[in-house]
Participant: 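Mind looking over this structure? Questions follow.
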Amino acid sequence: MSYKVALKPSEKTFDVDEAESIVDAAHRQGIHLPYSCRDGTCGTCKGRVVSGEIKHDHYSPQALSDKERAAGMALFCQARACSDLVLEIDLNNPDIQRLPSRVDQIDHLGHDVMRLFLKLPAGKQLNYIAGQYIDIILSDGRHRTYSIAGAPRDDGMIELHIRNVEGGRFSDFVFHHLEQKTILRIEGPMGAFYLRQDSTRPMLLVAGGTGLAPIKAIIEAAQQAGDRREIILYWGVRSQRDLYFQKTVEQWAEQEHLRYIPVLSEPDDDWQGRSGYVHEAVLQDITDIAQYDVYAAGPPIMVSSARSSFLAAGLPEKQIFHDAFEWALDTQEAIKKN
Ligand code: FES
């Protein structure tokens with residue numbers, strides 16, 4: 001059975017089959033609805049059901065509270081249509097594009113992180129907002145999602161930080177076979193994780209691992225906009241060797257308005273800095289979290305722990321923006337088997 005979906009305020013329409021999620025149906029028809037985890041854990045795909053009936057698959061109560069659900073909010077990555085629908089959702093980004101890109105540069109940034117610079121064909125541009133992400137489309141049609149690790153550049157180059165994941169098909173390819181000039185098909189931009197420039201509140205940036213990539217984009221966007229608000233950056237990783245971008249981050253911290261605190265969850269013997277979970281370090285230091293806009297990016301467990309503990313400490317919900325990355329399903333399965 002298939003239903004009609006109308007989006008407000010954009011007036012876009014598309015069809016949805018009862019067996020597919022609303023995000024998947026829109027995506028299939030070239031309409032980008034914001035999403036990040038596609039697993040009901042991050043809340044990026046949240047919007048309001050103006051009319052019609054939906055049913056949800058599983059989701060985390062941290063992504064959609066009972067109160068929000070009672071008020072008509074829904075997670076469109078987990079929602080399936082039971083009737084024609086009118087939905088209200090912020091499509092604050094340009095339409096999705098599919099483009100070929102050429103691998104221009106490959107750098108080892110650390111023991112398990114590779115940086116790629118992708119170049120688009122002459123005359124083509126990806127109109128993204130700093131903090132958003134793209135999908136790389138593999139030869140079998142599967143997608144791999146990566147945040148763009150920088151604000152838009154004049155030369156149109158796209159920077160990605162790829163972590164080597166055991167059992168990860170694409171990351172294995174990147175680490176062992178990828179060569180310069182390889183053509184990668186990309187799709188994007190996507191995501192609702194971006195700098196809110198209409199705010200004057202100081203910013204608390206919390207990154208876990210390669211969650212630093214979209215945080216880097218947000219820092220660069222603030223710099224480009226001449227935004228000199230106070231920034232406190234916490235970067236949580238396991239051990240010192242995981243601080244793959246340490247020199248650059250330390251250079252950022254030479255600016256008067258930016259402070260940087262690395263936090264190790266499995267500290268090396270010679271580590272003299274902070275240790276523990278990154279969100280706990282934030283709460284040990286920041287007693288007035290309600291004064292900040294918080295941007296958190298990293299693994300879902302880090303982002304959801306940060307979100308729930310910051311809200312419990314008094315941070316208003318409208319002041320936290322987050323981007324949780326989830327391994328693709330086939331990668332999760334491969335990890336489980338290993
Ligand atoms: Fe839907 Fe994360 S909760 S994309």
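In what follows, residues are counted from 1 in the order of the sequence shown. These numbers were taken from a predicted model, which means no experiment stands behind them. Start at 1 and go down the list; that is how both ligands and their atoms are numbered.
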Participant: Given atom 1 (Fe) of ligand 1 as the apex, I'd like the angle to SG of Cys77 and SG of Cys45, rounded to 10 degrees.
Facilitator: 100°
Participant: For atom 3 (S) of ligand 1, which of the options Ala74, Gly43, Pro300 provides the nearest non-hydrogen atom?
Facilitator: Gly43
Participant: Please assess Leu138 against Arg185 for the test side-chain contact (heavy atoms from CB on, under 4.5 Å), listing each intermediate value before the final yes or no.
Facilitator: CA-CA 7 Å; Leu138 309 188; Arg185 286 186 302 146; over 6 Å; no
Participant: What atoms in ligand 1 come closer than 4.0 Å to a heavy atom of Gly40?
Facilitator: 3 (S)
Participant: Is the ring pair Tyr244/Trp235 parallel, tilted or perpendicular, if the boundaries are 30 and 60 degrees?
Facilitator: perpendicular
Participant: Side chain to side chain donor-acceptor pair (under 3.5 Å) for Gln255 and Tyr260? Distances and angles first, verdict last.
Facilitator: CA-CA 10 Å; Gln255 302 169 84; Tyr260 163 51; over 6 Å; no
Participant: Relative to each other, are the rings of Tyr295 and Phe193 parallel, tilted or perpendicular (30° and 60° limits)?
Facilitator: perpendicular
